[in-house]
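Below: the structure, in structure tokens.
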Amino acid sequence: MKKKAFSTVMSMALAGSLVLAGCSSSDTSGDSGESSSGDKTVVKMMHLWPEGSSNAQYTIVDDIINAYEKENPDVDIQTEILGNEQYKEKIKVLSASNELPDVGITWAAGYMKPFVEGNMFASLDDIVQEDKFVAGTLDAFSVEESTYALPLELNITPVYYNKEIFEKYNLEAPETYDEFLNVVKTLSDNGVTPITLGNKDRWTGSMWYMYLADRIGGPEVLNKAINRTGSFEDPALVQAAEEIEKLVDMGAFVKGFNGLSNDEAKGYFMNEQAAMYLMATWELPNYTTAPDVAQEFKDKVGYFKFPTYEGGKGDIDSYVGGPGVGLFVSEQSKVQDEAKDFVSYLVEEWGKRSVVDAGVIPATVVDTSNGELDQMYVDILNDLGKATNLTLYADVQMSAGVADVHLNQIQSLFGGQSTPKEFAKTQEEALAAEE
């Protein structure tokens, strides 16, 4: 996860996919040349969920492989399984020698782009079924409108809230920004910390800014500023910064937020010392299935979508978030047809099992009618099925240097060291310098 979430393009690993472990392998060759196991076609796969440290994901993939081989007795899926860091190192080595596995794991956006530009990943346009994926999730795995990997995981960012605290002050989950401001003011006036925020990590504050930019200017205004078809000094982006300044001035956030890590800030919500917490859906197990969290607390937690802004261009079903890892097929694979067929199968089956078996939200639309899921998962998944947009975390869209400018400016804006106009100007200059 990027510093526990997404703070660098080069790590691009989401909550469910980050594992640090030794390697285990049933096949140590990275060669993607056509081979056979008896009369079978061999498809070589590398993934990063070792049995010991990521047992739930390992079991899901292993079961899917077994089922696929049973349905396709002429295909033998051979796996090499490495921990996250070992995986990334080996992929570098294999890509340098044009020996990528037939099927492997990749991260999106900036991580994936060099592989695509190097003609190492095959286009998957021929197997993409866009209606099966949550809106926007394929974008992060696309280059020049072609898809080069199919996402497995997804995180969006709702606002979690303590229903008991809200009820005490006759408050309801807000749907408009004016209602949200009323919630903040009522809580603050009564000596309750409205929102916990660990902005020492910076990406946490960026999510608040991104939502305001989306709700005020619509889903494309921030993306256009980053991809240089627009400007960071767009009035909507400046206005979003002004709203952050107003929230700080009215005491919306926990005291000392710029000095708190996200983990430290989360404690205020978990200990019922703050009423709201905006964070991605990797937090859902804490409010649903985690055995070490008291059920009494879980029962108090609800969530709401980031509210709409009066006169703004964004809608309430547009989310800030990002896909996790995806599956690629090597352009050099001599069993490309079989590899693509297996990838398509794995993605579909992963979508059916990942929430129940691993607490991981898939990038595909999920049927929630089976009755096995906690209600909060059902609600989130149903919301995802109606999503109109998914805006990838801003710093993940940027180069490492510009991302650092963005994150530093976020911290400065929240801390009052940068005015909204200075905030926008500094980021525009950093982006323009790379053109």
Side-chain angles (χ1 to χ4, degrees), residues 2 5-12 106-119 121 123 135-149 151 157 202-203 205-244 309 312-315 318-323 326 388-413 418-435:
K2 91 175 195 188
F6 307 79
S7 81
T8 68
V9 166
M10 295 308 292
S11 66
M12 269 307 289
T106 183
W107 292 268
Y111 179 92
M112 186 187 77
K113 193 173 181 181
F115 292 92
V116 174
E117 292 176 341
N119 200 34
F121 289 179
S123 169
T137 55
L138 290 172
D139 294 347
F141 289 97
S142 298
V143 177
E144 295 182 356
E145 300 185 3
S146 284
T147 301
Y148 288 91
T157 311
R202 305 178 300 172
W203 54 266
S206 179
M207 294 191 296
W208 280 95
Y209 174 75
M210 286 186 67
Y211 263 127
L212 284 163
D214 174 276
R215 297 302 191 256
I216 294 168
E220 291 301 318
V221 65
L222 184 60
N223 293 340
K224 286 181 176 179
I226 295 170
N227 69 29
R228 308 314 297 143
T229 60
S231 169
F232 225 105
E233 293 181 285
D234 185 289
L237 295 181
V238 176
Q239 189 177 348
E242 290 170 349
E243 292 296 346
I244 292 293
Y309 192 95
K313 297 178 181 178
D315 72 77
S318 177
Y319 295 96
V320 168
T388 57
N389 173 70
L390 179 69
T391 300
L392 185 64
Y393 297 93
D395 55 319
V396 171
Q397 296 186 54
M398 299 170 176
S399 69
V402 174
D404 202 47
V405 172
H406 169 71
L407 295 170
N408 285 337
Q409 281 300 304
I410 285 288
Q411 198 171 62
S412 294
L413 175 67
S418 286
T419 67
K421 287 186 177 179
E422 290 169 342
F423 166 85
K425 183 174 185 290
T426 301
Q427 288 171 111
E428 173 63 18
E429 289 172 347
L431 286 160
E434 285 197 336
E435 290 186 82

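Sequential numbering from 1 along the given sequence is applied to the chain's residues.
Contact detail for Leu392 and Gln397: the closest heavy-atom pair is O-NE2, 2.8 Å. The heavy-atom pair separating Met112 from Ala149 by the smallest distance is SD-CB, 4.2 Å. The heavy-atom pair separating Pro323 from Pro151 by the smallest distance is CB-CB, 4.1 Å. Taking every heavy atom of both residues into account, Ala213 and Val221 meet most closely at O-CG1, 3.6 Å. Across all their heavy atoms, Ala424 and Val238 have their closest contact at CB-CG2, 3.9 Å.
Contacts of Asn389 classified as side-chain hydrogen bond (donor to acceptor under 3.5 Å, both in side chains), with partners at least two apart in sequence or in another chain: Ser318, Thr391. Glu243 is linked by a salt bridge (charged side-chain N to carboxylate O under 4.0 Å, His left out) to Lys246, counting only residues two or more places apart in sequence or in another chain. Applying the salt bridge (charged side-chain N to carboxylate O under 4.0 Å, His left out) criterion to Asp315, with sequence neighbours excluded, gives no partner residue. Listed by chain and residue number, Tyr309 satisfy the side-chain hydrogen bond (donor to acceptor under 3.5 Å, both in side chains) test with Gln239 (two or more places apart in sequence, or in another chain). Every residue two or more places apart in sequence or in another chain that forms a side-chain hydrogen bond (donor to acceptor under 3.5 Å, both in side chains) with Lys425 is listed here: Glu429. When the side-chain hydrogen bond (donor to acceptor under 3.5 Å, both in side chains) test is applied to Glu434, the partners found at least two apart in sequence or on another chain are Ser399.
The neighbour count for Glu435 CD, taken as heavy atoms of other residues, nucleotides or ligands under 6.0 Å away, is above 12.
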Checklist entry - Tyr393 and Thr157: side-chain contact (heavy atoms from CB on, under 4.5 Å), yes or no, with the steps? => result CA-CA 10 Å; Tyr393 297 93; Thr157 311; 3.2 Å; yes
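In this structure, Asp404 CG and Gln409 CD are separated by 10.5 Å, a value rounded to the nearest 0.5 Å. Rounding to the nearest 0.5 Å places CG of Leu407 at 4.5 Å from CG of Asp395. With rounding to the nearest 0.5 Å, the separation of CG in Leu222 from CG in Asp214 is 9.0 Å. Rounding to the nearest 0.5 angstrom, the gap separating the CZ atom in Phe232 from the CG atom in Leu431 is 7.0 Å. Ile226 contributes atom CD1, which lies 12.0 Å from atom OG of Ser231 (distance to the nearest 0.5 angstrom). Taking OH of Tyr209 as the start and CG of Leu413 as the end, the distance is 8.5 Å to the nearest 0.5 Å.
Aromatic ring orientation, His406 versus Phe423: tilted (interplanar angle from 30° to 60°).
Two residues are said to be in side-chain contact when any heavy atoms from C-beta on lie closer than 4.5 Å; Leu390 and Asp139 fail this criterion.
When ring centroids are compared, Phe115 and Tyr148 stay outside the 6.0 Å threshold.
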